[in-house]
Amino acid sequence: MTHSYQQFIDGRFADSSSTFEKRSPLTNQVTALVPEADRGQVDETVRAARAALSGPWGDMTMDDRCALMHKVADEITRRFDDFVEAEMNDTGQPRVVMEHAFIPRGAANFRIFADVVKNVPTESFELPTPDGAGALNYAVRVPKGVVGVICPWNAPFLLMTWKVGPALACGNAVIVKPSEETPSTALLLGEVMRDVGVPDGVYNVLTGKGADSTGQFITEHPGVDAITFTGETGTGEAIMRSAANGIRDISFELGGKNAGIVFADCDLDKTIEGIGRSCFLNSGQVCLGTERVYVERPIFDEFVARLKDKAESFRIGLPTESGINMGPLISKVHQQKVLSYYRLAEEEGATVVTGGGVPPMADEYADGCWIEPTIWTGLPEDARVMREEIFGPCVHLTPFDSEDEVVALANDTEYGLSTTIWTENLSRAHRVARRVDVGITWVNSWFLRDLRTPFGGSKQSGIGREGGVHSLEFYTEMRNVCIKL
Ligand code: NAD
């Protein structure tokens with residue numbers, strides 16, 4: 001039986017005149033009909049969001065607003081199982097990942113940013129004047145206005161709340177466009193917002209597709225004051241063109257081709273565990289994941305053998321089965337894309353250490369979007385598999401001989417999102433971390449996130465930083481008041 005979704009506009013659920021099919025990644029069967037918001041519905045939503053800014057939401061004190069954000073987090077926690085279920089059905093990823101990471105961290109995004117905005121000071125300057133009386137300057141922060149929030153499918157709730165949390169804490173109204181593959185948790189959050197008393201029009205969700213559809217209609221709309229986007233670099237370029245009309249602000253978290261750097265003096269047990277997670281967690285569909293690993297030559301062969309064991313230890317299956325730690329890819333389209341890179345790797349001359357295909361699955365799951373964790377060696381640095389983001393559970397391993405060489409190899413990419421360095425030599429870790437051109441570097445860890453720290457990419461991996469006080473740079477506008485005394 002198929003489920004029918006609705007839009008969430010101005011505090012109410014509503015249908016659209018057209019819909020599209022959504023399929024389960026586990027079976028590739030149609031499970032739902034998702035509405036596609038047209039320009040008229042986008043227009044209606046923008047009007048509702050603008051009205052909210054000058055209604056009770058705009059008048060609310062910061063204390064009351066932040067208290068409401070805590071209520072949102074509490075209600076997500078109360079409805080924890082609903083969120084886990086919804087996200088699991090959309091992504092097919094193991095229940096344990098939803099329960100331990102994606103849903104609780106989503107709730108935390110409302111708590112943390114509510115606390116951050118209350119504790120950030122603004123600045124003040126005294127200015128001497130010729131008459132001796134002087135002037136006093138002080139800054140105030142005001143919300144940006146209506147923020148378009150365009151989201152991907154790989155960690156839908158976590159990545160969406162990472163933007164909506166600070167946006168609302170700062171007093172904006174949002175129009176969220178979840179990925180066409182994963183609309184469920186954004187819509188469920190609509191119920192939460194309504195039930196805890198967030199005023200109508202403050203949080204809106206419009207489902208639909210991207211180009212020539214809802215995503216484009218939102219980003220092109222002149223009533224949207226700023227756009228925050230997470231997704232592919234190519235989509236970022238299209239949204240940047242839309243945002244140029246009306247000189248509207250953007251914050252972008254984009255693709256990556258992240259390098260892992262493993263020195264011979266690393267703790268190999270910890271390294272295999274950490275690199276294994278960074279390559280294969282969420283079936284490799286993590287923007288911060290590692291698709292290239294450079295290993296110092298003396299331990300290269302041992303590293304290859306041990307990462308092979310690690311990859312082969314992943315148990316692929318249904319999200320609800322116990323002991324399963326790898327689900328399918330998000331869709332058939334994405335599975336075909338990843339498989340095309342698996343074929344390309346062999347054409348480009350790779351040695352397949354493990355994987356390279358689709359695991360056999362039984363019965364109704366046979367046509368699901370399953371994929372094997374895959375390791376390659378032997379590719380030259382200019383191979384496409386070494387340069388293009390694949391976004392699957394796959395990694396290429398290359399030996400290196402010196403610090404300078406590995407820094408050059410890690411930096412030889414148009415992307416600059418994250419890197420992970422493994423060494424027990426702390427001086428070396430500091431030295432190399434400064435030289436790798438990325439927004440986020442982990443040493444002897446991966447995906448260890450402190451929400452107060454700046455998050456974002458260098459080069460083609462993004463524009464701007466979000467996280468902690470840095471989110472305020474995007475979600476508020478600083479204004480100066482100058483008073484002649
Ligand atoms: P995508 O760019 O295909 O889609 C993301 C969103 O943009 C979707 O909601 C889509 O409907 C919308 N969209 C597509 N074209 C549009 C257009 N022309 N105008 C407006 N909206 C449009 O990305 P995806 O496949 O959903 O996600 C995977 C990508 O996201 C990978 O490249 C990954 O690296 C990246 N990502 C980056 C981060 C980060 O923090 N840097 C985090 C997660 C994912």
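One-based numbering along the sequence shown. In what follows, every heavy atom counts, from backbone to side chain, and hydrogens, waters and symmetry copies are set aside. Each ligand, and each atom within it, is numbered from 1 in the order the structure gives. Since we're looking at a predicted model, the values are computed, not measured.
For G462, the heavy-atom gap to ligand 1 stays at 4.0 angstrom or more. The closest approach between any non-hydrogen atom of P178 and ligand 1 is below 4.0 Å. Residue C151 places a heavy atom less than 4.0 Å from ligand 1. Within the structure, the closest approach of F252 to ligand 1 does not fall below 4.0 Å when heavy atoms are considered.
Listed by number with element, the atoms of ligand 1 under 4.0 Å from a non-hydrogen atom of E180 are 8 (C), 9 (O), 10 (C), 11 (O). Interface of G215 with ligand 1, defined as ligand atoms under 4.0 Å from a residue heavy atom, comprises 19 (N), 20 (C), 21 (N). The F229 neighbourhood of ligand 1 comprises atoms 2 (O), 5 (C), 6 (C), 7 (O), with distances under 4.0 Å to a heavy atom of that residue. Every atom of ligand 1 is numbered from 1 in the order shown, and the set under 4.0 Å from a heavy atom of N154 is 43 (C), 44 (C). Proximity to S179 (heavy-atom distance under 4.0 Å) selects the following atoms of ligand 1: 9 (O). Those atoms of ligand 1 with a heavy atom of W153 less than 4.0 angstrom away are 24 (P), 25 (O), 26 (O), 27 (O). Residue L417 approaches ligand 1 through these ligand atoms, each under 4.0 Å from one of its heavy atoms: 41 (N). Close approach of ligand 1 to F455 is summarised as follows: ligand atoms under 4.0 Å from at least one heavy atom of the residue are 40 (O).
Looking at K177 next to ligand 1, an N or O pair under 3.5 Å apart turns up. Any N or O atom pair closer than 3.5 Å counts here, and T230 shares no such pair with ligand 1. On a distance-only criterion, A238 and ligand 1 share no N/O pair closer than 3.5 Å.
In the model, T214 has no side-chain atom that pairs as donor or acceptor with a side-chain atom of E36 under 3.5 Å. Judged by distance alone, the side chains of T19 and Y5 never bring a donor and an acceptor atom under 3.5 Å apart. Of the N and O atoms on the side chains of D367 and N28, at least one donor lies less than 3.5 Å from an acceptor on the other residue. Between Y341 and E388, the side chains place a donor N or O and an acceptor N or O closer than 3.5 Å (distance only, hydrogens not considered). One side chain, S184 or D90, offers a donor N or O that lies under 3.5 Å from an acceptor on the other. Side chains of E180 and T207: no donor on one and acceptor on the other come within 3.5 Å.
Nearest protein neighbour of atom 18 (N) of ligand 1, counting heavy atoms only, is A211 CA, 3.7 Å. Scanning the protein for heavy atoms near atom 27 (O) of ligand 1, the closest one is P152 CB, 3.3 Å. When hydrogens are left out, the protein atom nearest atom 31 (C) of ligand 1 is E389 OE1, 3.4 Å; that is the closest non-hydrogen contact. For atom 13 (N) of ligand 1, the nearest protein heavy atom (residue, atom name, distance) is G210 CA, 3.4 Å. Protein heavy atom at the shortest distance from atom 36 (N) of ligand 1 is C287 CB, 3.5 Å.
Neither the backbone nor the side chain of I218 has a heavy atom within less than 4.0 Å of ligand 1. By the criterion of a heavy-atom distance under 4.0 Å, neither the backbone nor the side chain of T214 is placed next to ligand 1. When heavy-atom distances to ligand 1 are checked against a 4.0 Å cut-off, K209 comes that close only through its backbone atoms N, CA, C and O. Counting heavy atoms under 4.0 Å from ligand 1, residue V286 does not touch it at all. In H334, neither the side chain nor the backbone holds a heavy atom less than 4.0 Å from any atom of ligand 1.
By the 30° and 60° cut-offs, the orientation of the rings of F314 relative to F280 is perpendicular. The aromatic rings of F13 and F8 sit tilted, their planes meeting at an angle between 30° and 60°. Between F447 and W442, the ring-plane angle classifies as tilted under the 30° and 60° cut-offs.
Checked against the 6.0 Å centroid criterion, the rings of Y203 and W57 do not qualify as a close aromatic pair.
At a threshold of 4.0 Å, the pair K163-E466 counts as salt-bridged, since one of the basic side-chain nitrogens sits closer than that to a carboxylate oxygen. A salt bridge links R95 to E85: one of the charged nitrogens lies within less than 4.0 Å of a carboxylate oxygen.
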For side chain to side chain contact (heavy atoms under 4.5 Å, CB included), just list the numbers for L168 and M193, CA-CA rounded to whole Å, side-chain angles, deciding distance to a tenth of an Å, and then say yes or no. CA-CA 11 Å; L168 296 191; M193 295 280 174; 3.8 Å; yes

Criterion ring-ring contact (aromatic ring centres under 6.0 Å, His included) on F400 and Y294, from CA distance to verdict: CA-CA 6 Å; F400 72 88; Y294 299 99; 7.4 Å; no

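Nearest residue to atom 33 (C) of ligand 1 from Y415, F391, W162 is F391 (criterion: closest heavy atom). Of the candidates E253, Q285, E232, the one placing a heavy atom closest to atom 40 (O) of ligand 1 is E253. Nearest residue to atom 1 (P) of ligand 1 from V149, I239, T235 is T235 (criterion: closest heavy atom).
Nearest heavy-atom pair, F113 versus P166, reported as atom, atom and distance to 0.1 Å: CD1-CD, 3.4 Å. For the pair S24 and T31, the tightest heavy-atom approach, listed with the atom from each and the gap, is CB-CG2, 3.6 Å.
To the nearest 0.5 Å, atom CG of residue L187 and atom CD of residue Q6 are 9.0 Å apart.
By the definition of a contact as any protein heavy atom under 4.0 Å away, atom 21 (N) of ligand 1 is in contact.
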